[in-house]
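Throughout, protein chains are lettered first and strands after them, A, B, ... in sequence-line order, and every chain is numbered starting at 1.
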Protein chains: 2
Amino acid sequence: MSTIIETFGGTFVFAIIVSGMATHILLQELQKYSDFKEEDFPEFLELFKPFKVAKGDYFYRAGDIPKYSPFILKGCMRKFFINEEGDEQIVYFAEEGWFAGEVQCMRMNSATEMYLQALEDCEILGISLNNAEIGLQSFPAYRKFLDVRYAVDHNRIINEATRLKTDTPESLYLRLIQTRPSLILRVPQHYIAAYLGIRTETISRIRRKIAGK
Amino acid sequence: MSTIIETFGGTFVFAIIVSGMATHILLQELQKYSDFKEEDFPEFLELFKPFKVAKGDYFYRAGDIPKYSPFILKGCMRKFFINEEGDEQIVYFAEEGWFAGEVQCMRMNSATEMYLQALEDCEILGISLNNAEIGLQSFPAYRKFLDVRYAVDHNRIINEATRLKTDTPESLYLRLIQTRPSLILRVPQHYIAAYLGIRTETISRIRRKIAGK
DNA sequence: ATGATTAGTTGATTGAAATCAACTGATGAA
DNA sequence: TTCATCAGTTGATTTCAATCAACTAATCAT
């Protein structure tokens, strides 16, 4: 089923609707790093299975062997694990347009240590390892996309990691406001703090300081 | 040119020697994540160009557009960048069996912000983006290898990053002794400190404390 | 071999964020 | 609506690693 989703400057943009989901976000993401053709998209989309995850629920939990790699169409999720001391370590927040899969575990058929929890009601497209392989065979642009995406992610993670380990709480928080302002609005402060590796009290004080300028 | 490199339990192990280099390390690495066939290796190896980098010298520097992705056969290198404040941020140490390429930059034909410096005299196999593409076409096992490798690396980086941001200096150092004892022996202390995001004085004190047990 | 530079140790002091604690405000369930 | 739980603020105190400083040990260049 095909529907007009948006119009840009008089050009009609078509996209596929899976049970009411805005799948064009996936196409946009593919086209960011490849020349994926819009006409191939409907067929490509059939490789995915739609999911809805209610606020607070999990897409996978530690101990699971994830069967699907999720792409987030709507909502915001947090990926975290529980360390030796028993506290939650937030690895990242995944918003619209993010993949949040445990690819290594899927490949190795091993249990993940991660939890993927919806912080809002979420809409997700999940792809199995098998369908991903089919997609890589059938759509060269998807292969291209993944290759570039891996490299980009690799760089992004290394950059973020270096900052998290060396920057002060204040510059970490200010930076997050700059780079991902939506997170500040939609994610509870104590999760932001856990992600930055600082205390929620510290964020309170930074906020007061900023406001008093 | 083919030569006996080592013998294990009476089985002869053959490998290709490029101007005296122990290329079997690359084959071992490939076979860790794929079923790369030993008989395909000589042909595969032709995609690589051998390099030697003397202690203190660089394989690439910030501003370069790297032409080759290095695989380290011998030696130890540090990858770092210089941040806004002007100090060196060590991203990782690459020993034998590591790749240390700037793949995103090669793909995008953009300048890297990284330095890759030899901490010892190093022997390297470099592969160009072009030859990597050829390799991916010609050797399915190489494709498999890279896919798995990406996933494994992704997990490793995220794990390390989370620890670097939350663990205490002492547990970071003790952990490094456990996970990469060779680094402690071959890498100067102040580089270890920079990598862990702590001070060399702090490591001194941790060492004293450990010794006094 | 020798002096010079760099690496690492040890002690004293400081400081920034964690911790502890008490509170207010928001959210949610019955 | 009301109570209970959870989220966030503010202040007082503590703590651990950074900083500063002075030294010893190791490495390097000539």
J.: When you measure from the centre of the six-membered ring of A:F145, is the NZ or CZ of A:R149 closer than 6.0 Å and no more than 45° off the axis?
T.: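 No.
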J.: Send over the distance from A:H190 NE2 to D:dT5 P, rounded to a whole Å.
T.: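 Distance check: A:H190 NE2 to D:dT5 P gives 17 Å.
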J.: A:I198 has a side chain; which of D:dA18, C:dA17, C:dA18 sits nearest to it?
T.: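 Given the options D:dA18, C:dA17, C:dA18, the side chain of A:I198 is closest to C:dA18.
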J.: Which pair of heavy atoms, one from B:Y92 and one from B:W98, lies closest together, and at what distance?
T.: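 Looking at all heavy atoms of both residues, the shortest contact is CD1-CZ3, 4.2 Å.
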J.: Are A:R205 and A:E201 ion-paired here, with the side-chain N under 4.0 Å from a carboxylate O?
T.: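 No, no charged N to carboxylate O under 4.0 Å.
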J.: Quiz question: by atom type and distance under 3.5 Å, do the side chains of B:N155 and B:N159 form a donor-acceptor pair?
T.: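 No - no donor-acceptor pair under 3.5 Å links their side chains.
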J.: Describe, as an angle rounded to 10 degrees, how the axis at the first end of the helix from C:dA1-D:dT30 to C:dA30-D:dT1 is tilted relative to the axis at the last end, five pairs per end.
T.: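 Roughly 60° between the end axes, to the nearest 10°.
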J.: Go through the N and O atoms of the side chain of B:R205 and the base of C:dG11, and report whether any donor-acceptor pair is under 3.5 Å.
T.: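 Yes.
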J.: If only atom types and distance count, is the side chain of A:E95 paired as donor or acceptor with the main-chain N or O of A:C76 below 3.5 Å?
T.: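 Checking the backbone N and O of A:C76 against the side chain of A:E95, no donor-acceptor pair under 3.5 Å is found.
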J.: Any donor-acceptor pair, under 3.5 Å, between the side chain of A:R199 and the base of D:dG8, if you only look at N and O atoms?
T.: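 Side chain to base: no pair below 3.5 Å.
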J.: For a quick check, tell me whether the side chain of B:E170 and the base of D:dC16 share a donor-acceptor pair closer than 3.5 Å.
T.: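 No.
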J.: To the nearest Å, how far apart are A:K55 NZ and D:dC6 C1'?
T.: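 Interatomic distance, NZ of A:K55 to C1' of D:dC6: 12 Å.
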J.: Just how far, in rounded Å, is P of C:dT10 from CZ of B:R207?
T.: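 Whole-Å distance recorded here is 10 Å.
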J.: Just checking B:I203: base, sugar-phosphate only, or nothing, at a heavy-atom cut-off of under 4.0 Å?
T.: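 Contact class for B:I203: none.
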J.: Expressed in angstrom and rounded to an integer, what is the separation of A:D167 atom CG from C:dA17 atom P?
T.: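 It is 11 Å, rounded to the nearest whole Å.
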J.: Is it the case that the ring center of A:F48 lies less than 6.0 angstrom away from the ring center of A:F71?
T.: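 That pair fails the under 6.0 Å test.
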J.: Give the rounded distance in Å between these two atoms: CD of A:Q189 and C1' of D:dG8.
T.: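 Those two atoms, CD and C1', are 8 Å apart.
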J.: To the nearest angstrom, how far is B:I206 atom CD1 from C:dT10 atom P?
T.: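 Taking atom P of C:dT10 as the reference, CD1 of B:I206 is at 13 Å.
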J.: Measure OH/A:Y173 against P/D:dG8 and give the value in whole Å, please.
T.: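 From A:Y173 OH to D:dG8 P: 10 Å.
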